Amino acid sequence: MSEPAPSWARPSPATFGSHGFDVALISRNRTRLHELVGTLTAEDITAAAFPADVLDREALTQALRRAATHFGGIDVLEYSPLGGLGSTTLTTPADTDPSHVQQELEFQLYAAITATRAVLPAMREAGTGTLLFTTGARSVDPQPPTADINAAAAAPRNWAINLHKELAGTRTQAAHAGIDATNDTPTFYGRARVTADQIARVHWDLHTTHRDEAERIFRG
């Protein structure tokens with residue numbers, strides 16, 4: 001939905017769109033949003049942009065509410081914070097200050113919780129829905145050069161898996177996708193380069209045939 005942390009592969013909204021889903025896109029980058037809407041529209045996928053900075057919790061909540069009103073509801077939420085190396089501070093474990101992790105938690109965890117609170121009540125009322133949270137695989141297997149980001153990324157992973165447990169027995173799915181690959185950015189720590197559609201397949205499977213799973217790790 002927005003930005004930063006060492007790059008991992010972006011999922012493709014076209015995968016869900018090609019299966020008949022309307023696509024609501026949220027990001028602070030208005031130019032990029034409208035480019036994506038144009039691309040999806042050219043593929044005969046209905047899409048709309050709802051600009052918001054995920055660090056602004058009220059703006060994020062309102063953007064999701066506008067999207068739900070525009071499309072008549074939200075069936076699937078996919079939260080995948082993503083950005084460039086220039087938009088964050090990278091620290092080793094010994095050099096990490098609490099403020100470094102706090103900055104990342106605002107982006108990776110608190111915004112994910114905010115988004116969930118905006119859409120989960122309606123999903124529960126409807127008796128169906130899917131909540132997907134994406135991080136890099138370093139949330140599972142951390143590396144010293146990116147300790148602050150890894151620690152923060154572990155938080156939404158933990159929270160998503162716990163949410164999956166809470167929702168067990170209902171028709172609402174919550175799951176974490178850990179992506180150890182990259183697509184439109186330089187490779188990082190030798191990770192595989194893959195297509196956005198390959199990544200989106202992980203999300204599609206968690207939404208459809210693997211709803212009993214709380215997590216999938218994709219390594220390319």
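Nothing here was measured: the structure is a model prediction, and the numbers come from that model. Count residues from 1 along the sequence.
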Any side-chain heavy-atom pair of [X] and [Y] under 4.5 Å:
X: L131; Y: L163; result: yes
X: L64; Y: I74; result: yes
X: T134; Y: H176; result: no
X: P13; Y: L25; result: yes
X: P93; Y: P144; result: yes
X: I26; Y: P51; result: no
X: L90; Y: H100; result: no
X: T91; Y: V101; result: no

Cluster question for you: counting only ILVMFWY and a side-chain heavy-atom cut-off of under 4.5 Å, with indirect links fine, are [X] and [Y] together?
X: L60; Y: L33; answer: no
X: L105; Y: F133; answer: yes
X: Y79; Y: F50; answer: yes

Taking [X] for the side chain and [Y] for the main chain, is one N or O donor matched with an acceptor at less than 3.5 Å?
X: H164; Y: A174; answer: yes
X: Q173; Y: E213; answer: yes
X: N162; Y: N158; answer: no

Can you check whether W204 and H19 have ring centres sitting under 6.0 Å from each other?
-> yes

Charged N to carboxylate O below 4.0 Å: is that the case for R201 and D197?
-> no

Identify whether the distance between the nearest side-chain nitrogen and carboxylate oxygen of E35 and R30 falls below 4.0 Å.
-> no

Using 30° and 60° as the class limits, which term best fits the ring planes of F16 and F21: parallel, tilted or perpendicular?
-> perpendicular

For [X] and [Y], which I'm curious about, is there any donor-acceptor pair between the side chains at under 3.5 Å?
X: S80; Y: E78; answer: yes
X: S27; Y: N29; answer: no
X: Q108; Y: T135; answer: no
X: H203; Y: T15; answer: no

Using a 3.5 Å cut-off and no angle test, enumerate the donor-acceptor pairs between side-chain atoms of residues 113-125 and protein atoms at least two apart in sequence or in another chain.
from : atom 1 : to   : atom 2 : distance (Å)
T114 : OG1    : Y110 : O      : 2.9
T116 : OG1    : A112 : O      : 2.9

Stepwise, does the side-chain contact (heavy atoms from CB on, under 4.5 Å) test hold for R211 with T130?
-> CA-CA 9 Å; R211 294 181 68 81; T130 299; 2.7 Å; yes

